[in-house]
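Please read the structure below before turning to the comments.
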Amino acid sequence: MPKHFTLPYEGGLITKNLPKGILHSYEKIWTEIYQQSRPASYEVADQICAAIEATPEGSLFRLGLTTGSTPTSLYNELARRYEAGKVSFRKVEVVTIDEYFPCDARDPRSRNRLIHEALLDKVDILKENIHIPDGTVSVEAVSDYCAKYDKIARGLDLLVIGIGEQGQVGFNEAGASPKTRTRTVRLSYKSRKRQANFFNGDITITPQTAITMGISTMLSAKKIILMAWGEDKAEAVKAVAEGKMDAAIPATLLQRHEDITLYVDEPAAEQLTRVVAPWLVGPCEWSRKYIRRAVVWLCQTVGKPILKLTEKDYLDNSLGELLEKFGPFDKINIDVFNDLQATITGWPGGKPNADDSRRPVSAKPFPKTVLIFSPHPDDDVISMGGTFIRLAEQGHNVHVAYETSGNVAVHDDVVLQHMDAAFQLGFADKFAEVKALVDSKVPGEPEPRALLDIKAAIRRSEARGAVRSFGLNDNTNAHFLNLPFYESGGIKKMPRTQADVDIIKKLILELKPDMIFMAGDLADPHGTHRVCTEAALEAMDQIKEEGKSPWIENTHVWLYRGAWMEWEIGRVDMAVPLSPGELIKKRHAIFRHLSQKDIVPFPGEDPREFWQRAEDRTQNTARIYNELGMAEYQAIEVFLKLY
């Protein structure tokens, strides 16, 4: 089974023998937390299969299903069980919750086609038992059609729904009423911006309307299962599980259902009370790092630096157990202050000829061979550009491996501009030829390979320019791996395979790095970060299992974050402060990636450019350190040590 990336266990709520009522005491929808999405999906699959089996002969089990990326592992598991002869869908009636409008079922981006490819075409369900909103109904007939569909969709035996980043369910967006039924809806600009990822990033061809099952229709189901995976869903999960019913977050309106459960993985659960502050719920397992996390939380709750916390602060905020086991309070304050202070270092590769007993990185060997894995050709400078510069300037043998080509993130206009520049310089006149390639693109289909190759070359040249700006040799120290899983020519990538792992293994065995930096994102807009990190960790595991490279046991893995998230301070193992000058150097390195400035096709919800996100994030981290009582720095990049 492919490796699935999770963070190390660092302590938390002791759930053994804890009554369910206490465990879920802050939740309005009981939430089941799993380490990964896969076992959570297996549990949901168990419930579906058991319900199908319990359905009497001659009756239909009426199952409502969602589309999108959330149910992928569930559908894979259901298809696997069918292939293994463990379940049949002959007595299942499937009703799906939404479709773009207008949209032909044959369109590769349609919800109809997605659910057929993911599940329905892989099992023995009868065609007459499949109900999917018809995106080809005329505008004049669509209202009557929706009313008829609503009658079909009401009273389902089980409804399985994925939650969107803003708490959407289906295409029910902010402002949806709990009385809504199946209807057409106008998609908001923000929603179309998200959906544009399925339309080559082009919002102009992204549908403006859709058909969706309404909240009232969903509430008519006998049982509802909600699912959410990844840290980009954490805010929505917090609101849905623990917040008030709010039409601005449609999934919260499902709180009124009598039989509803929310299944999440650990990253999606990270803002729930029993994860953020489990001491408010019950007894905890206290590790050194978990004590730090609790004290940082307390500081931020009461608005004080570490050394000004009082015994009353601990007692008033349910941290009496911490005082009883590790007190008195002033000892805890000093221990945590020293622990956090020790994470700060100006020598991310280790300081030579220095006492390293209280430093994040050992002094020896020096210099170190350092390998930075960058999922896209700019993640290295966006996420850890300051540390990258520091490692190079301090004399380490630094290499960067760009895991994917990043070709689909280059706008067509950028390609044409490069072609025009080449012509103006007298090299060749390829503008018309490339323009024909651009014009030949078919919406929803992979881009022409020749066009993708040009885009990949543009991104390679930008990455090489950034590496040169650090004083490194871009021929020997920049490695372009072009992992095959990414090369689908579209937003949806191919499954990770051993071919991806082998490419990474080859480089690791060649360089024999002392330190490896990887993306630690548990979710990002494309999922590429997670796939790349899991492939790299799988490569390292295989090298260790083969037992032919004993040096790898001394190779340490450090995790950085991307442009969207930052490590919680309580988790940090190394914090690298940046001076104003180093921040400028990092900014200039990011500027080398010209194709990602201003018109980047897939910017997500955040309108800021990548350099702005990176600076705001690292300056905010420095501010938090300062508020906890540490020295005041211009910016700080932080890392978690995986092993």
Side-chain angles (χ1 to χ4, degrees), residues 2-5 369-385 387-388 398-410 452-453 455-467 472 474-511 513 515-543 555 557-564 589-590 592-593 595-596 600 602 610 639 642:
K3 189 175 186 68
H4 191 89
F5 167 52
T369 296
V370 179
L371 175 56
I372 299 170
F373 281 111
S374 180
H376 302 94
D378 56 356
D379 288 313
D380 54 335
V381 290
I382 291 171
S383 303
M384 56 170 291
T387 303
F388 191 160
V398 186
H399 293 254
V400 58
Y402 300 103
E403 292 166 286
T404 71
S405 66
N407 49 23
V408 296
V410 178
L452 289 171
D453 290 344
K455 292 182 175 183
I458 289 171
R459 298 216 67 181
R460 285 197 303 273
S461 69
E462 293 170 344
R464 288 163 64 92
V467 167
L472 294 181
D474 55 302
N475 290 314
T476 58
N477 291 61
H479 309 268
F480 297 92
L481 305 187
N482 298 316
L483 296 184
F485 85 88
Y486 186 88
E487 297 303 319
S488 65
I491 300 303
K492 185 178 179 181
K493 306 307 177 190
M494 295 178 287
R496 182 180 95 234
T497 68
Q498 185 62 36
D500 301 295
V501 176
D502 286 341
I503 291 170
I504 295 173
K505 280 176 67 177
K506 183 175 183 294
L507 181 63
I508 293 174
L509 290 169
E510 175 188 331
L511 296 179
M515 296 180 75
I516 291 179
F517 289 86
M518 297 182 189
D521 301 276
L522 300 175
D524 73 47
H526 325 299
T528 300
H529 285 208
R530 177 186 280 276
V531 175
C532 287
T533 292
E534 290 174 351
L537 292 174
E538 182 70 30
M540 293 192 69
D541 283 352
Q542 290 183 16
I543 293 171
T555 299
V557 173
W558 294 85
L559 302 176
Y560 60 78
R561 295 290 245 167
W564 289 269
I590 297 173
R592 303 286 178 141
H593 295 271
S595 70
Q596 303 305 292
V600 53
F602 314 113
F610 288 127
F639 304 86
L642 188 60

Taking C-beta and beyond as the side chain, do Thr404 and Pro375 meet within less than 4.5 Å on heavy atoms? no

Test item: Ser405 and Leu483 side chains (from C-beta on) under 4.5 Å apart, heavy atoms: no

Answer yes or no: is there a donor N or O on one side and an acceptor on the other, between the side chain of Ser374 and the main chain of Asp380, under 3.5 Å? yes

Ser383 side chain to Tyr560 backbone, donor-acceptor under 3.5 Å: no

Let me confirm one number: the [atom1]-[atom2] distance from [X] to [Y], rounded to the nearest 0.5 Å.
X	Y	atom1	atom2	result
Arg530	Arg496	CZ	CZ	10.0 Å
Leu559	Met384	CG	CE	11.0 Å
His529	Phe373	NE2	CZ	14.0 Å
Cys532	His376	SG	NE2	7.0 Å
Asp541	Glu534	CG	CD	11.5 Å
Leu452	Asn407	CG	CG	4.5 Å

Could you tell me whether Lys493 sits above the aromatic face of Tyr486, with NZ or CZ closer than 6.0 angstrom to the six-membered ring centre and within 45 degrees of the axis? yes

Looking just at side-chain N and O atoms, do Glu462 and Gln596 make a donor-acceptor pair shorter than 3.5 Å? no

Determine, for Arg592 against Asp378, whether the closest basic-nitrogen to carboxylate-oxygen distance falls under 4.0 angstrom. no

Against Glu403, only a single residue in Leu481, Asn482, Asp379 fulfils side chain to side chain contact (heavy atoms under 4.5 Å, CB included); can you say which? Leu481

Knowing that exactly one of Val398, Ile516, Asn477 qualifies, which makes a side chain to side chain contact (heavy atoms under 4.5 Å, CB included) with Ile372? Val398

Begin from the C-alpha positions of Leu511 and His479 and carry the test side-chain contact (heavy atoms from CB on, under 4.5 Å) through to its verdict. CA-CA 11 Å; Leu511 296 179; His479 309 268; 4.2 Å; yes

Go through the steps to decide whether Phe388 and Val400 satisfy the test side-chain contact (heavy atoms from CB on, under 4.5 Å), and finish with yes or no. CA-CA 9 Å; Phe388 191 160; Val400 58; 4.1 Å; yes

